[in-house]
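Beneath this line is the structure, given in structure tokens, with notes to follow.
Counting starts at 1 for both ligands and their atoms, in listed order. Nothing fancy with the numbering, it's 1 onward along the sequence.
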Amino acid sequence: MEFPGVGMSLLEMSHRSKPVVAMIESAEEDIRQLAGIPDNYRVLFLQGGASLQFSMVPMNLLTPNGKADHIVTGNFAKLALQDAQKVGNIRVAGSTEDSNFDHVPSQDELDLDPGAEYVHFTGNNTIYGTQWPTEPDVGDVPLVADLSSNIFSKPIDVSRYGLVYAGAQKNLGAAGVTLILVRDDLLSRSPENLPAMLKYSVHAKGKSAHNTPPVFSIYILGLVVKWLAQQGGLEHMERLNQDKAKLLYDELDSSEFFRGHALPEHRSLMNVTFRLPNPELETRFATEATAEGMVELKGHRSVGGIRASIYNAFPKEGVATLVSFMKEFERTHG
Ligand SMILES: *Cc1c(COP(=O)(O)O)cnc(C)c1O
């Protein structure tokens, strides 16, 4: 209720006041520390969700007559492609839609254009439960990534990217703020006539306060980043996330009743997707799990089945509870 040392709530304070400016600066500093962000990258807190970045990236990074490559690995990747194609010349350099997105492309499944101004990919695919084990190799072409559903779930080598964006609501805190990491040299690409709110360089110059930023969401993001550091940093989070996901994947691998959707080498640590022998059993599984306090397990309609989302903040005990429930469900319905 009271912002430390100020005597009123953050929600009552001007975004230009000293404590709020310092709060935003310290959130940025903590992010830099946590992820080892090089000095030649700007950290921006923007609005409009990850979805605004689908068009804002090409508006800023495509020069007149320029072209870019997109790699399509799921639902959000398709949405990113659709919006980017409204802005400029975007080519699909790889897609795994033919296999219902059960994996991400291997390097030789990619058809990259060396003349592209950037390559866009989606780090983790929530609906299908896949993730890239490492970034695609795009040579000297700037790599742009939507990391909304796996940012800070493991260490990141930011220097491999031109630009990273992530809506905060899955791994970083509350909805309302989108984290952007962008390499300095890319800021000068934006066309002169781009409206201010759509221009990265305007937000960089204004230190994310060109207009009123979502101060409360940034504050929460800052607290989450402090919490991640207190847990032991990103190496620790990766081990924890691997342990959590392994409980579920071991269960899938040892059962004939449950079948995982993603190919083992591209399995997501954040979203574990699987099927039961038939849709009736899947509905029953989700309903009975809900009765035992495990919610949101029904998979997205495009894959069906079950999806367990186990983002950074989700405790290992919760995963263990689900695994016990799975064993019991198989015993009684298998
Ligand atoms: C959740 C998600 C989004 C959507 O983010 P919004 O902030 O709601 O626009 C986009 N991309 C990926 C990879 C996601 O997981």
### Task
Using the side-chain contact (heavy atoms from CB on, under 4.5 Å) rule, pick out the option among V225, V224, L223 that qualifies with L221.
V225
Output the list of atoms in ligand 1 that are nearer than 4.0 Å to some heavy atom of [X], sorted by atom number.
X: G49; result: 7 (O), 9 (O)
X: D146; result: 10 (C), 11 (N), 12 (C), 13 (C)
X: T126; result: 15 (O)
X: Q169; result: 5 (O), 6 (P), 7 (O), 8 (O)
X: T122; result: 13 (C)
X: K170; result: 1 (C), 2 (C), 3 (C), 14 (C), 15 (O)
X: S149; result: 13 (C), 15 (O)

If you have a sec, work out which protein heavy atom is nearest [atom] and how many Å separate them, to one decimal?
atom: atom 4 (C) of ligand 1; result: F76 CE2, 3.5 Å
atom: atom 5 (O) of ligand 1; result: A50 CB, 3.4 Å
atom: atom 9 (O) of ligand 1; result: S51 OG, 2.6 Å

### Query
To the nearest 0.5 Å, how far apart are CE in M13 and CZ in F3?
5.5 Å
### Query
Can you find a side-chain donor-acceptor pair between S268 and N124 that sits under 3.5 Å?
yes
### Query
Mind checking whether M237 and F152 have side chains closer than 4.5 Å, heavy atoms only?
no
### Query
How are the rings of F285 and F274 set relative to one another: parallel (under 30°), tilted (30 to 60°) or perpendicular (over 60°)?
perpendicular
#### Entry: R284/E288 salt bridge by N-O under 4.0 Å criterion
yes
### Query
Can we say R331 and E328 salt-bridge, meaning some charged N sits less than 4.0 Å from an Asp/Glu carboxylate O?
yes
